[in-house]
*Asks:* 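Quick one: this structure, given as structure tokens, is what I'll be asking you about.
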There are 2 protein chains.
Amino acid sequence: MEHKPTIEDVAKLANVSIATVSRVINNQGGVRKATEERILKAIEELGYIRSAVARSMKRKETYTIGVIVPDIKNPFFPLVISGIEQKAREKGYYTILSSTNESPIVEEEIVKIFIERGVDGVIITTANEDGDHIKLLQEQGIPVVAVDRAIKRFDVDTVLVDNVNGAYLAVRHLILQGHKKIAIICGPQETTPGYERFLGYKKALEEYNIPLDESMVKQGDFMEASGYKATQELFTLKEKPTAIFSSNNLMTIGCLKALMDLDWKLGEEVSFIGFDDVDIATFIKPKLSVVSRPMTNLGEIAFQLLYERIHFKENLPKRKYLLSPELKIRESCRLGNLIF
Amino acid sequence: MEHKPTIEDVAKLANVSIATVSRVINNQGGVRKATEERILKAIEELGYIRSAVARSMKRKETYTIGVIVPDIKNPFFPLVISGIEQKAREKGYYTILSSTNESPIVEEEIVKIFIERGVDGVIITTANEDGDHIKLLQEQGIPVVAVDRAIKRFDVDTVLVDNVNGAYLAVRHLILQGHKKIAIICGPQETTPGYERFLGYKKALEEYNIPLDESMVKQGDFMEASGYKATQELFTLKEKPTAIFSSNNLMTIGCLKALMDLDWKLGEEVSFIGFDDVDIATFIKPKLSVVSRPMTNLGEIAFQLLYERIHFKENLPKRKYLLSPELKIRESCRLGNLIF
DNA sequence: ATGAAAGCGCTAACAT
DNA sequence: ATGTTAGCGCTTTCAT
């Protein structure tokens, strides 16, 4: 092809002005049937496809939303993305996706690029809740929706899971089974999920008057290796925990691997509940009890919020969604007293 | 903000022409140090961010690549995407991502939108290897790279895994262990991976003079449920298989679940090898033997091919990469004769 | 119902 | 080293 057909080529072939062609391709009406048909035929004939770039240029909107996640390899995020992408496409929006690998620096770069590209909105699970980069977005008037992790210093629409309650339910369950020495493998305390899940853990202990034992609290970073390490450390304690609560899916995997390697019998010598369901949960014996979240749903709601914000910018209060996680009791927690 | 600062605002504030500003923001050199600094200061002051849309309009390139996958929830794809996205970002490209849910209709829609949006290239795992929609891309001169599934009717750069060989290695291993009644859970035969893995299965059987037994061949669709169903059917056979080869990860999961439900003892009563590693592989007892592919690598290579094609369109032969899968023997296949 | 024309923000060729 | 200017392909008044 010599040069891609433009609206002008169509106009010429159909013997009308470009304005009329524009009316037709945008279904604006006010065009005589016959004319419209002539134009449609010309479009067909030339294989004309309108340029979204030129259109965006003029209209100042790209029908593109930016999605930023910390780690696309964590199975949690593809599910969230799936929810976003699905709903977005229904509304004619497409998503440009980037994964930061938990790097605030990369995240800031990405934000800048997204601004350059004129995204109509951003859905983000930030690697830096305290960061200043969200300000850039706000200055440009670009709506932001935070998913799974809050944004601390700026007021944005947010859809979170009730982490405190999720962790609370899990730990309470353990307590009610008779456990007293319950360990937690924490996520980073500077992230909402990491901090809140620890909060839920403490809340349950307090409620049942179990003093917090520092040796039962292990710091992790939401990555598999840290779950492994934490479990090893727990195992070396003279007073081992009789139950473990892991703060996320990847650390659960690490923990499980350590359990196997240490020959520390899951469900017998040590009970377990993890935050987030994992594929393996129903395969291992005993089956894993977990706190499960509605991930695709999280994404769908996030897009919905963003969509509303894009279209009714001014007169909308900031909204905070808090989805309830669900405790799925399977087989990995036995009665605590059986152990003694 | 009243209106977003443009290159013109910067020019005015710095007392230069927009051409000079353009030179600076594109690092083209040929600008006096002092002038450059003045411009940089103006940019800073105004919080100017250049519009990628306007730039794309002029340059006829968007630095955006379209990525189309059939099912983002299949853990295989996030890993591929991760490889693509990583490499792309390094080169200044961003990815617009869409998942077709294996629908050719959705896929064609997406292709059209991607063309409208002027993507510089497309990386696709198609849901329709026979489809005509790739032609649209080619007509526009948009480079295409096929990943994991070939494109039949058009000549594009391709990066595949050697499915035949992967399946062959797995089945041969089973045969060498003494198995003769080896079942296969197939993927859709109209997809390259589905067909080729069946080919590898047949090749191994032939090589060892084991006649193909139709009752050992179950059709699946790469989804979990079909793996479950196939396994159930296999179990009802009067002559049960002594080994099963599953053609992909999700069907492996389904198969495993069925095995548990049927109390059909993995590794004892029935050996198993699956195509594609799965998270659970090393968690279940016995550990799963699998054919494993370099997924992130697949994505990296795909982007590399696309990148080269974008920049050296004309004078590049079509390339076909065939990555070798690796047989990971763990514990799920025992000697076949032990069974008798 | 249709057309003429301005202009979105930038790049690049050409001039100075 | 810097400026002038002509588009890129569209949408959108404002005329007719």
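Naming convention: chains lettered A, B, ... in sequence-line order (proteins, then strands); numbering from 1 in each chain.
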*Asks:* For B:K60 and D:dA6, what is the distance between atoms NZ and C1' respectively, to the nearest whole Å?
*Replies:* 14 Å

*Asks:* OP1 or OP2 of C:dA12 sitting under 4.0 Å from any side-chain N/O of B:Q28?
*Replies:* yes

*Asks:* Starting at CD of A:E61 and ending at P of C:dC8, how long is that distance when rounded to a whole Å?
*Replies:* 17 Å

*Asks:* For C:dC10, does OP1 or OP2 lie under 4.0 Å from any side-chain N or O of B:S51?
*Replies:* no

*Asks:* Nearest whole Å is fine: how far is D:dC8 C1' from A:I7 CD1?
*Replies:* 13 Å

*Asks:* Measure the distance from CD on A:E37 to P on C:dA1 and round it to the nearest whole Å.
*Replies:* 15 Å

*Asks:* Would you kindly compare B:A19 and B:M57 by the position of their nearest DNA chain C nucleotide and give the one closer to the 5′ end?
*Replies:* B:M57

*Asks:* Answer yes or no: are there more than 12 heavy-atom neighbours, outside A:F154 itself, under 6.0 Å from its atom CZ?
*Replies:* yes

*Asks:* A:R55 side chain N/O closer than 4.0 Å to the phosphate oxygens (OP1, OP2) of D:dT11?
*Replies:* yes

*Asks:* Looking only at side-chain N and O atoms, does B:S17 come under 4.0 Å of OP1 or OP2 in D:dG3?
*Replies:* yes

*Asks:* When you check the gap from the basic side-chain N to the acidic O, do A:E37 and A:K41 get nearer than 4.0 Å?
*Replies:* no

*Asks:* For C:dC10, does either OP1 or OP2 sit under 4.0 Å from a side-chain N or O belonging to B:R59?
*Replies:* no

*Asks:* Pick base, sugar-phosphate or nothing for B:V53, based on heavy-atom distances below 4.0 Å to the nucleic acid.
*Replies:* nothing

*Asks:* Counting distance alone, no hydrogens or angles: does the base of D:dG9 have a donor or acceptor under 3.5 Å from a partner atom on the side chain of A:K58?
*Replies:* no

*Asks:* For B:S22 and C:dT11, is the shortest distance between a side-chain N/O and OP1 or OP2 below 4.0 Å?
*Replies:* yes

*Asks:* Taking atom types as modelled and ignoring hydrogens, do the side chains of A:T192 and A:E129 form a donor-acceptor contact shorter than 3.5 angstrom?
*Replies:* yes

*Asks:* By nearest heavy atom, map A:A54 and B:E36 onto DNA chain D; which one lands nearer the 5' end?
*Replies:* B:E36

*Asks:* What does A:S56 touch in the nucleic acid at a heavy-atom separation under 4.0 angstrom: a base, only the sugar-phosphate, or nothing?
*Replies:* nothing

*Asks:* Roughly, in whole Å, what's the span from CD1 in B:I39 to P in D:dA1?
*Replies:* 13 Å

*Asks:* Between B:Y307 and B:K91, is there a cation-pi geometry (under 6.0 Å to ring centre, at most 45° from the normal)?
*Replies:* yes

*Asks:* Hey, is the side chain of A:T6 poking within less than 4.0 Å of OP1 or OP2 on D:dC8, counting only N and O atoms?
*Replies:* no

*Asks:* Does CD in A:E61 sit with more than 12 non-hydrogen atoms of other residues, nucleotides or ligands closer than 6.0 Å?
*Replies:* yes

*Asks:* Assess A:R293 against A:F76: is NZ or CZ under 6.0 Å from the centre of the six-membered ring, and within 45 degrees of the ring's axis?
*Replies:* yes

*Asks:* Considering just the side-chain nitrogens and oxygens of A:R23, establish if one lies under 4.0 Å of OP1 or OP2 belonging to C:dA1.
*Replies:* no

*Asks:* Rounded to whole angstrom units, what separation is found between the CD1 atom of A:I18 and the C1' atom of D:dG7?
*Replies:* 13 Å

*Asks:* Rounding to an integer number of Å, can you tell me how far B:N27 CG sits from D:dA1 C1'?
*Replies:* 17 Å

*Asks:* Just the rounded figure in Å: distance from P of C:dC8 to CG of B:D9.
*Replies:* 11 Å

